[in-house]
Chemist: 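Next up is a structure, given as C-alpha cells.
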There are 2 protein chains.
Amino acid sequence: MDSPKIRNMEEFAAFSGISRPTVSKYFNDPKSVRRTTREKIEKALEECDYRPNFFAVNQNRKLTKNIGIVVPYLADPFFAEIARRIETLVIGSGYTPILLSSHGDPALEAENLNSLRAIKPAGVLLAPLGRISDRDILEAFCADFPTVNFDANIDGIGEVFVGHNNAQATEVMIQYLVRSGEPPAFFEMRTPPNPNANKRRLAYIETMERLGLSPHIIQVKGEGWDFEDIGFRGGKNVLSKSDLPSKTIFCSNDRLAIGFLAAAYEAGHRVGIGDDCSLRVAGHDNHPFSRFTCPTLTTISHDYSAIATRGVETVLSLIDSGAHAESRQMVLFDGELIMRASA
Amino acid sequence: MDSPKIRNMEEFAAFSGISRPTVSKYFNDPKSVRRTTREKIEKALEECDYRPNFFAVNQNRKLTKNIGIVVPYLADPFFAEIARRIETLVIGSGYTPILLSSHGDPALEAENLNSLRAIKPAGVLLAPLGRISDRDILEAFCADFPTVNFDANIDGIGEVFVGHNNAQATEVMIQYLVRSGEPPAFFEMRTPPNPNANKRRLAYIETMERLGLSPHIIQVKGEGWDFEDIGFRGGKNVLSKSDLPSKTIFCSNDRLAIGFLAAAYEAGHRVGIGDDCSLRVAGHDNHPFSRFTCPTLTTISHDYSAIATRGVETVLSLIDSGAHAESRQMVLFDGELIMRASA
DNA sequence: TAATAAAGTTTACGCGAGTAAAGAATAGGA
DNA sequence: TCCTATTCTTTACTCGCGTAAACTTTATTA
C-alpha cells in the first residue's frame with residue numbers, strides 16, 4: 001500500500017503538493033526549480049515511483065532527450081564495445097540512447113535512419129557502412145539532425161568526424177615491423193566495405209616508400225562482413241602458393257588477421273617472433289578477441305575511450321549550440337601499438 | 001516539388017482524399033480497409049512519404065507495436081547474433097524491435113526494464129543475466145507485460161521459456177568424447193553468472209555416472225562476463241600444475257574454451273585429435289568465433305534459428321491471445337554436435 | 001520593513017493521433 | 001433494380017504532457 005497508483009503527472013502533482021507545470025519543469029531539468037520544491041518532488045517520487053509518459057513527453061517537445069547510435073554491424077565485438085561505451089556516456093548525460101545496427105545491409109541502414117526520424121532524436125552518432133551506404137539518404141538525414149560521424153569517415157556526412165588516425169597507426173606498426181624483422185606485406189580485401197581500409201592501404205604504401213621499401217599488397221576476394229572467413233580462405237589460398245612477398249603479414253584489420261592466423265595454423269606454420277617461426281602476423285584495431293588468438297595478436301589499438309568520449313561530447317555540444325557547425329571538422333585520435341606474440 | 005510537406009495525418013488524409021479516421025485505420029492494419037481505399041492511400045504514400053508520428057501513435061494505444069529485446073551482454077557475439085535474428089523476425093512481423101543490453105550489470109538490467117515500461121511494449125523477449133539478476137524486479141515486470149524468457153531460464157520468469165537443451169547437448173558431446181578418446185573433465189567457472197552453466201554441470205555429472213565413469217570438475221575463479229580471460233587465466237593455472245584429471249577438457253562454454261585454448265597454446269600444448277596432440281578441448285555454444293580458433297573448436301551448436309523463430313512466434317501469440325498462459329511452458333531445442341579439429 | 005526579483009499557481013490551449021457514434025455512400029447479391 | 005451489409009465520412013472527445021500568460025507567493029536585498 002505504500003505506492004498509490006499514479007496515472008499521470010496531474011495525479012503525481014496533486015500527490016506531491018506541487019502544481020503540474022512546476023512538476024513538468026522539474027522533469028525537464030531538476031535544477032530549474034527551487035531546492036525546497038525539488039526536495040518535495042523527490043520525496044514524493046520515492047514514495048510512488050511515477051515516471052512521465054515517454055510518448056506524451058516527446059510528442060510536443062521540439063527536442064527530445066533521445067540520442068541515436070547507429071553502427072554498421074553489431075555482431076562485431078569491436079562495434080559492440082564502442083557502442084557500449086557510447087551508451088554509458090549518453091545515459092550519464094541524462095539522455096536516452098537508441099542503439100541500432102545496420103547488420104551490414106545498406107537497406108537496413110536506410111531503414112534505421114527512417115526509424116530514427118520517427119523518434120526525432122536530439123542528436124545522432126552515426127557509424128556508416130561505408131562504400132555501400134546510400135550517400136543521399138545519409139546526407140538528407142544529417143541535414144535534419146545534428147549528427148556526429150564516427151568510425152567510417154564519409155566526406156560531408158555529419159557536422160564532425162571523430163575517429164581513428166589510420167595514417168599514424170599504420171605508420172607506427174610498419175616502423176615497428178621493419179625495425180624488428182622483414183618489412184611487411186599488406187593483406188586486405190579487394191573490395192573492403194569500410195573506408196578505413198583504403199586509408200590504411202594508402203598509408204602503408206606511402207610509409208613503405210618513404211622508408212625506401214617496396215610495398216607489396218595481397219588482395220583477397222570476398223564480400224560482406226564475414227571478415228574472419230575471408231581472411232581464412234584468402235590466407236589459406238595465399239599460403240598454399242608459397243609465393244609470399246614477405247614473411248611478415250600486416251593485415252588490414254584484426255578480424256582478417258584472426259582468419260589468417262587460423263589458416264596459418266592449419267597450414268602448419270608457426271607464427272611469431274621466435275627463430276622457430278616462419279611467419280609474423282599483425283593486425284589493426286585491437287579487437288576484443290585479439291588477446292586470445294594463437295599466438296596472441298600484435299596490433300594497434302584505437303583509442304576507444306577517447307573516441308567515445310569525444311563523440312558524445314560533440315553531439316551534446318551540437319545539441320546545445322543548436323546551430324550547425326560552420327565547417328566540417330575532423331578529430332582523429334592516435335592509435336597505440338599493442339605488442340603481443342604474433343609479430 | 002514532388003513531395004508536399006505533410007505535417008500530420010490530417011494533412012495527409014486531405015492529400016490522399018480519404019478521411020482521417022479511415023487513414024488511421026489503414027495504418028493500424030492495411031487490410032482493414034477496402035482495396036480501392038487502400039490503393040488510394042498507398043498511391044498518396046508514394047507521392048509524399050508521410051509517416052504517422054511515432055509518439056502520438058503510441059500515446060493512446062493500449063497496445064503499442066513495440067517489442068522489447070533484452071540481452072545480458074551484447075558485446076558477446078553469441079548474443080549479438082541471436083539478437084540480430086530476433087530483430088529481423090520482429091521487423092518482418094510488422095513490429096518495432098527495441099534492443100537493450102544489460103552489459104552484465106544487474107542495475108542496468110533493472111534500468112532497462114524500467115525504460116521498457118516507459119515504452120509500453122506489446123511484448124518482450126528477455127534473456128536475463130541469471131544468478132545476479134534482481135528476481136523481484138524481473139517478476140514484477142513479467143506480471144505487467146507478456147514476456148518470453150529465453151537463453152537463461154529463471155523459474156517463474158516469463159509465460160514461456162524458449163531455450164537450448166543443455167542436458168541433451170551435454171550428453172551428446174560426452175558420448176562423442178568418450179567414444180573417441182579419454183573421458184572428459186569438465187572445465188567451468190566456480191560461480192558462473194548464467195544458469196545454463198549449472199544445467200551443464202549437472203548433466204555432465206549425471207551422464208558420466210550413467211556411463212560408469214567418474215566425473216571430474218575443474219572450477220576456476222573469476223567474476224563477471226570476461227569469460228575468455230577467465231578461461232585463459234584458469235587454464236594457465238591448471239595446465240601449469242600438470243595434474244589434469246583428464247587430457248580431454250570439456251569447457252562449459254566456447255568463450256571459456258577460447259581462453260583455455262590460448263592458455264594451452266602458450267603452454268606449448270598441441271591440441272587436437274592427432275597422436276601428436278597432448279590435449280583435446282571441446283566447447284559449448286558454437287560461438288561465432290569457434291570456427292577460427294587454433295585449432296578450430298569442436299563444440300555443440302544451439303539451434304539459433306529455431307530459438308529465435310519460436311521465441312518471436314511465442315511473444316506474438318501471447319500478444320494476440322492477450323491472456324496470460326495458464327502454466328509456464330518450457331520449449332527446449334536440441335543442440336547439434338559440431339566436430340572440428342580440437343577434439 | 002519595504003521593494004524587487006525569482007519561483008510557483010491557475011488557467012487554458014495545443015500536439016498528433018486513437019477511437020466511438022451516427023449518418024451517408026458504396027458494393028455485392030437476389 | 002432494390003435491398004442489405006460493409007465501409008467511409010463527420011463530428012467530437014480523449015490521452016498525457018509542454019508551454020504560455022497572468023497572477024500570487026516566496027526569497028533576497030537594501
Side-chain angles (χ1 to χ4, degrees), chain A residues 4-45 48-66 94 96 117-120 122, chain B residues 4-45 48-66 94-96 115 117-122 319:
Chain A
K5 292 126 205 154
I6 302 277
R7 310 200 156 277
N8 52 39
M9 194 179 281
E10 198 78 50
E11 290 185 21
F12 175 75
F15 176 76
S16 68
I18 304 289
S19 73
R20 190 177 68 75
T22 303
V23 170
S24 172
K25 230 180 143 207
Y26 168 84
F27 280 110
N28 260 311
D29 176 12
K31 281 167 296 183
S32 67
V33 303
R34 203 187 289 146
R35 188 176 52 77
T36 54
T37 325
R38 182 162 61 239
E39 282 164 0
K40 279 187 203 167
I41 294 177
E42 282 166 356
K43 180 164 163 293
L45 225 37
C48 72
D49 81 313
Y50 158 79
R51 281 199 176 202
N53 180 298
F54 175 77
F55 301 108
V57 167
N58 285 294
Q59 171 164 11
N60 298 329
R61 237 205 282 263
K62 61 309 271 66
L63 219 60
T64 69
K65 280 285 193 177
N66 306 317
T96 303
R117 274 179 189 283
I119 291 166
K120 291 184 199 161
Chain B
K5 293 123 206 157
I6 304 276
R7 309 200 156 278
N8 53 38
M9 194 179 280
E10 198 76 53
E11 290 185 19
F12 175 75
F15 176 76
S16 70
I18 305 290
S19 73
R20 189 177 71 72
T22 303
V23 170
S24 173
K25 229 179 144 211
Y26 167 84
F27 279 109
N28 260 311
D29 176 11
K31 281 168 294 183
S32 68
V33 303
R34 202 186 290 147
R35 188 177 52 79
T36 54
T37 323
R38 182 162 61 241
E39 282 165 359
K40 278 188 206 167
I41 295 177
E42 282 167 357
K43 180 164 164 293
L45 225 37
C48 71
D49 81 314
Y50 159 79
R51 282 197 176 204
N53 180 298
F54 175 78
F55 302 108
V57 166
N58 286 293
Q59 172 164 8
N60 295 333
R61 237 204 283 262
K62 63 301 280 78
L63 218 60
T64 68
K65 281 284 192 175
N66 307 316
Y95 285 78
T96 303
S115 303
R117 272 179 189 284
I119 291 166
K120 292 183 196 159
I319 292 170

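Protein chains get the first letters and strands the later ones, always in sequence-line order, with residue 1 at the start of each.
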Chemist: Mind listing the closest non-hydrogen atom pair of A:A122 and A:T64 along with its distance?
Modeler: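 For A:A122 and A:T64, the tightest heavy-atom pair comes out as CB-O, 3.2 Å.
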Chemist: Atom CZ of B:R35 and atom P of D:dT7: how far apart are they, to the nearest Å?
Modeler: 13 Å
Chemist: OG/A:S19 to CE/A:M9 distance, rounded to the nearest 0.5 angstrom?
Modeler: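 Answer for the OG-CE pair, A:S19 versus A:M9, is 11.0 Å.
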Chemist: Taking atom P of D:dT25 as reference, at what distance in whole Å does atom CD1 of A:I18 sit?
Modeler: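 Answer to the nearest Å: 15 Å.
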Chemist: Looking at every non-hydrogen atom in both residues, tell me the closest pair between A:N8 and A:Y50 and how far apart they are.
Modeler: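 Minimum heavy-atom contact is C-CE1, 3.7 Å.
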Chemist: In Å, rounded to the nearest 0.5 Å, how long is the span from CD1 of B:I18 to CZ of B:R38?
Modeler: 12.0 Å
Chemist: Looking only at heavy atoms, which two atoms of A:Y26 and A:E42 are closest? And how far apart?
Modeler: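 Closest approach of A:Y26 to A:E42: OH-OE2, 2.8 Å.
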Chemist: At what distance, to the nearest 0.5 angstrom, does CD1 of B:I319 lie from NZ of B:K65?
Modeler: 8.5 Å
Chemist: Would you give a per-nucleotide map of nucleotides 11-21 of chain C, 5' to 3', where B means the base has a protein non-hydrogen atom under 4.0 Å away, S means only the sugar-phosphate does, and - means neither?
Modeler: BB-BBBBBB--
Chemist: Provide, to the nearest angstrom, the distance between the NZ atom belonging to A:K31 and the C1' atom belonging to C:dA7.
Modeler: 17 Å
Chemist: For a stem of at least 3 consecutive Watson-Crick or G-U pairs with distances under 3.5 Å, i pairing with j, i+1 with j-1 and so on, which stems involve DNA chain D?
Modeler: C:1-30 with D:1-30
Chemist: Looking only at the side chain of B:V33 (C-beta and beyond, no hydrogens), which of the listed nucleotides D:dT9, C:dT9, D:dC8 gets closest?
Modeler: D:dC8
Chemist: Between atom CD1 of B:I119 and atom CG of B:N58, what is the distance when rounded to the nearest 0.5 Å?
Modeler: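 The distance works out to 9.0 Å.
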Chemist: Taking only N/O atoms, report every protein-nucleotides 23-28 of chain C pair under 3.5 Å with atom names and distance.
Modeler:
none

Chemist: Applying side chain to side chain contact (heavy atoms under 4.5 Å, CB included) to B:F54 and A:R117, what does each step give before you reach the verdict?
Modeler: CA-CA 9 Å; B:F54 175 78; A:R117 274 179 189 283; over 6 Å; no
Chemist: Do the side chains of B:K43 and B:E39 get close enough for a salt bridge, i.e. N-O under 4.0 angstrom?
Modeler: no
Chemist: Would you compute the distance between atom CZ of A:F27 and atom CG of A:L45 and round it to the nearest 0.5 angstrom?
Modeler: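 Those atoms lie 5.0 Å apart.
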Chemist: Restricting to non-hydrogen atoms, name the atom on B:E11 and the atom on B:K5 that form the minimum distance, rounded to 0.1 Å.
Modeler: OE1-O, 3.4 Å
Chemist: Look at the side-chain N and O atoms of A:S19 and state whether any lies under 4.0 Å from the OP1 or OP2 oxygen of C:dT9.
Modeler: yes
